[in-house]
Number of protein chains: 2
Amino acid sequence: MSSGQAVELAKVFKALGDPVRLRLASLIASHEGGEACVCDLTDAFDLSGPTISHHLKVLREAGLITGERRGTWVYYRIQPDALRRLSAVLVLDDAWAVSV
Amino acid sequence: MSSGQAVELAKVFKALGDPVRLRLASLIASHEGGEACVCDLTDAFDLSGPTISHHLKVLREAGLITGERRGTWVYYRIQPDALRRLSAVLVLDDAWAVSV
DNA sequence: TCTCTACCTTGACAGGTGTCGATCCAGAGC
DNA sequence: GCTCTGGATCGACACCTGTCAAGGTAGAGA
């Protein structure tokens, strides 16, 4: 894989390289309707609002989730394509061997 | 996903969350015979030996690669199971939704 | 045994990251 | 307009990470 590809991919892996962000993504993905309000998420952690907001921003900038404001609340939703792309990279037999 | 699971998983994602380590893993996986000598790897980067060694250690401790000394050289080899496990986690539709 | 090579470990430093309190902004409702 | 509430941003802090120079260890060969 090229140096540029590695930098882009590493950003996404790095975003998932934190227990809080992993659980945030998991909670969003498994929430009914496939989306979760921030108020639902903050309750699940023993962390301050700004900290949750920070982690959500990291996930957003990595392209793993999208946020949308609807009235008073902000809803987050998983980007399944981003996960599928990551998953494909890890199946080394096909992807890695030929992509270097 | 439980808090404990998240911590374990995050370690592995974090290990891949660096461009150098991603390329290292990719180089090892795609090298002939499925294993690569450290001397092959250092040439591919503009980094000092200790730095490469440090990154290899991170990958090793995450369970993504194994190292073995054979005579003068040390050979590293990918752990395909670790990659497959990660890949499976990312297929959210099945795994994530039920594992929380 | 001595030396050379390949690699690892240690120590130190700059820069990045997670966290929080304080503050700010956007909508809803009065 | 004003106020309340849900979130985001800012500023600051402790801690973690990537990097290298210097020194250490293990095996090969003389």
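Order of the sequence lines fixes the chain letters, A, B, ..., with proteins taken first and strands second; residue numbering starts at 1 for each chain.
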J.: Expressed as a whole number of angstroms, how long is the span from A:Ile52:CD1 to C:dC20:P?
T.: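 So the two atoms are 8 Å apart, to the nearest Å.
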J.: Could you tell me the separation between the NZ atom of A:Lys57 and the C1' atom of C:dT17, rounded to a whole number of Å?
T.: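 A:Lys57 atom NZ is separated from C:dT17 atom C1' by 13 Å.
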J.: Less than 4.0 angstrom between a side-chain N/O of A:Lys14 and OP1 or OP2 of C:dT17, yes or no?
T.: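 True: A:Lys14 side-chain N/O within range (under 4.0 Å) of C:dT17 OP1/OP2.
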J.: What is the separation between atom NE2 on A:His54 and atom P on C:dG18, rounded to the nearest whole Å?
T.: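 Between P of C:dG18 and NE2 of A:His54: 5 Å.
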J.: Roughly how many Å is it from CG in A:Asp18 to P in C:dG18, rounded to a whole number?
T.: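 My rounded result for the distance is 5 Å.
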J.: From CD of A:Glu61 over to P of C:dT17, roughly how many Å is that when rounded to an integer?
T.: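 Distance, rounded to whole Å: 11 Å.
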J.: If I take atom CG in residue A:Leu24 and atom P in nucleotide C:dT19, what distance separates them, rounded to the nearest angstrom?
T.: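 One finds 10 Å between P of C:dT19 and CG of A:Leu24, rounded.
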J.: Are more than 12 heavy atoms from other residues, nucleotides or ligands located less than 6.0 Å from atom CG of B:Asp46?
T.: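 Counting other residues, nucleotides and ligands, CG of B:Asp46 stays at 12 neighbours or fewer.
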J.: Between A:Arg21 and A:Gly71, name the one whose nearest nucleotide on DNA chain C is closer to the 5' end.
T.: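 The residue closer to the strand's 5' end, by nearest nucleotide, is A:Arg21.
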J.: Look at A:Tyr76 and D:dA8 and indicate whether a side-chain polar atom (N or O) is within less than 4.0 Å of OP1 or OP2.
T.: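 Yes, such a contact exists.
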J.: Is a donor on one side and an acceptor on the other found under 3.5 Å between the side chain of A:Glu61 and the backbone of A:Val58?
T.: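 Here the side-chain-to-backbone pair does not exist.
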J.: Without decimals, in angstroms, what is the distance between B:Asp46 CG and D:dT19 C1'?
T.: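 It is 12 Å, rounded to the nearest whole Å.
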J.: I want to check one thing: is the phosphate of D:dG27, taken as OP1 and OP2, less than 4.0 Å away from some side-chain N or O of B:Thr72?
T.: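 No, B:Thr72 has no side-chain N/O under 4.0 Å of OP1/OP2 on D:dG27.
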J.: Checking contacts here: which listed nucleotide (C:dG21, D:dT19, C:dT19) is nearest the side-chain heavy atoms of A:Leu47?
T.: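 Between C:dG21, D:dT19, C:dT19, the one nearest the side chain of A:Leu47 would be C:dT19.
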J.: Ignoring the backbone of A:Val74, work out which of C:dC7, D:dC16, D:dA8 is nearest its side chain.
T.: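 Out of C:dC7, D:dC16, D:dA8, the nucleotide with an atom closest to A:Val74's side chain is D:dA8.
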J.: Would B:Arg60 count as a cation-pi partner of B:Tyr76, with NZ or CZ less than 6.0 Å from the six-membered ring centre and within 45° of the ring normal?
T.: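 Relative to the ring axis of B:Tyr76, which defines the angle, B:Arg60 lies outside at least one limit.
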J.: Closest to the B:Thr51 side chain: D:dG7, D:dC20, D:dA8?
T.: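 In terms of side-chain proximity for B:Thr51, the closest of D:dG7, D:dC20, D:dA8 is D:dC20.
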